[in-house]
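What follows is one structure encoded as structure tokens, with my remarks underneath.
Along the sequence shown, the residues carry numbers beginning at 1.
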Amino acid sequence: MMIAGKDYPVTGHIEISNGEVVPIVDVPMMSDEEWNRSARKNAVENYIKKFGKAPENEDIAVKWQREESERAAKACKGEKVRIGKDGQIIG
């Protein structure tokens, strides 16, 4: 079955309350541990792209990325934020 441009195997079918039959699709899942490991790695990579050097430790990169995300979310909500000369959201 094609979902978002990717083909997944159908492992069965189930009838739902309105009588409609829907497929059971085998979509791989990621554990919380895997997701957290990937997110931390991504934060370090983004930190290096922004600052041109590795952070002293992963926690610094994670904190920086969380703050960047929060500032971007404020901007999307229409809250006032400052934009730096480099085009980055300041706060």
Side-chain angles (χ1 to χ4, degrees):
M1 170 174 239
M2 292 297 286
I3 300 173
K6 190 166 181 182
D7 195 22
Y8 294 97
V10 174
T11 59
H13 292 82
I14 188 169
E15 185 175 335
I16 59 175
S17 60
N18 68 359
E20 185 179 353
V21 176
V22 295
I24 299 172
V25 182
D26 185 15
V27 177
M29 301 295 285
M30 180 184 290
S31 71
D32 288 348
E33 185 177 306
E34 288 174 293
W35 187 91
N36 283 317
R37 192 170 33 249
S38 177
R40 293 180 76 78
K41 180 181 175 198
N42 181 262
V44 170
E45 290 170 355
N46 288 336
Y47 186 98
I48 292 169
K49 286 179 191 174
K50 170 70 175 170
F51 298 105
K53 64 178 184 174
E56 291 180 29
N57 60 58
E58 276 188 344
D59 291 335
I60 290 171
V62 169
K63 182 177 185 261
W64 168 79
Q65 184 157 288
R66 184 174 292 122
E67 291 168 351
E68 285 292 296
S69 297
E70 289 169 0
R71 285 190 286 270
K74 284 182 182 179
C76 288
K77 291 178 187 176
E79 296 178 27
K80 290 186 177 181
V81 294
R82 294 181 309 151
I83 306 295
K85 291 179 182 177
D86 61 356
Q88 296 294 315
I89 297 171
I90 297 172

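- For the ring pair (Phe, Tyr, Trp, His ring centres under 6.0 Å) condition, no pair includes a residue of residues 2-26, sequence neighbours left out.
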For Asp32 and Asn36, run side-chain hydrogen bond (donor to acceptor under 3.5 Å, both in side chains): C-alpha distance rounded to whole Å, both residues' side-chain angles, the deciding distance at 0.1 Å, then the answer. CA-CA 6 Å; Asp32 288 348; Asn36 283 317; over 6 Å; no
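- Interatomic distance, Glu58 CD to Lys41 NZ, rounded to the nearest 0.5 Å: 11.0 Å.
- The shortest heavy-atom contact between Met1 and Asp7 is N-OD1, 3.1 Å.
- For Ser31, the side chain to side chain donor-acceptor pair (under 3.5 Å) criterion is met by Glu34, not counting sequence neighbours.
- For Met2, the CE atom sits in a packed shell: over 12 heavy atoms of surrounding residues, nucleotides or ligands are nearer than 6.0 Å.
- For Asn57, the side chain to side chain contact (heavy atoms under 4.5 Å, CB included) partners at least two apart in sequence or on another chain are Asp59, Ile60.
- Under the 4.5 Å side-chain heavy-atom criterion for ILVMFWY residues, a single connected hydrophobic cluster contains both Val27 and Val10.
- Distance check: Asn42 CG to Arg40 CZ gives 12.0 Å after rounding to the nearest 0.5 Å.
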Mind running salt bridge (charged side-chain N to carboxylate O under 4.0 Å, His left out) on Arg66 and Glu70 for me, showing each step along the way? CA-CA 6 Å; Arg66 184 174 292 122; Glu70 289 169 0; 5.2 Å; no
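- The existence of a salt bridge linking Glu33 and Arg37 is confirmed by a sub-4.0 Å separation between a basic side-chain nitrogen and an acidic carboxylate oxygen.
- Residues Val25 and Met29 do not share a hydrophobic cluster, clusters being chains of Ile/Leu/Val/Met/Phe/Trp/Tyr side chains in contact below 4.5 Å.
- Applying the ring pair (Phe, Tyr, Trp, His ring centres under 6.0 Å) test to residues at least two apart or on different chains, the pairs with a partner in residues 36-62 are Tyr47-Phe51, Tyr47-Trp64, Phe51-Trp64.
- Here the closest non-hydrogen pair linking Val44 and Pro55 is CG1-CD, 4.1 Å.
- Every residue was checked against the side chain to side chain donor-acceptor pair (under 3.5 Å) condition with Glu45, not counting sequence neighbours, and none meets it.
- With sequence neighbours excluded, no residue forms a side chain to side chain donor-acceptor pair (under 3.5 Å) with Glu15.
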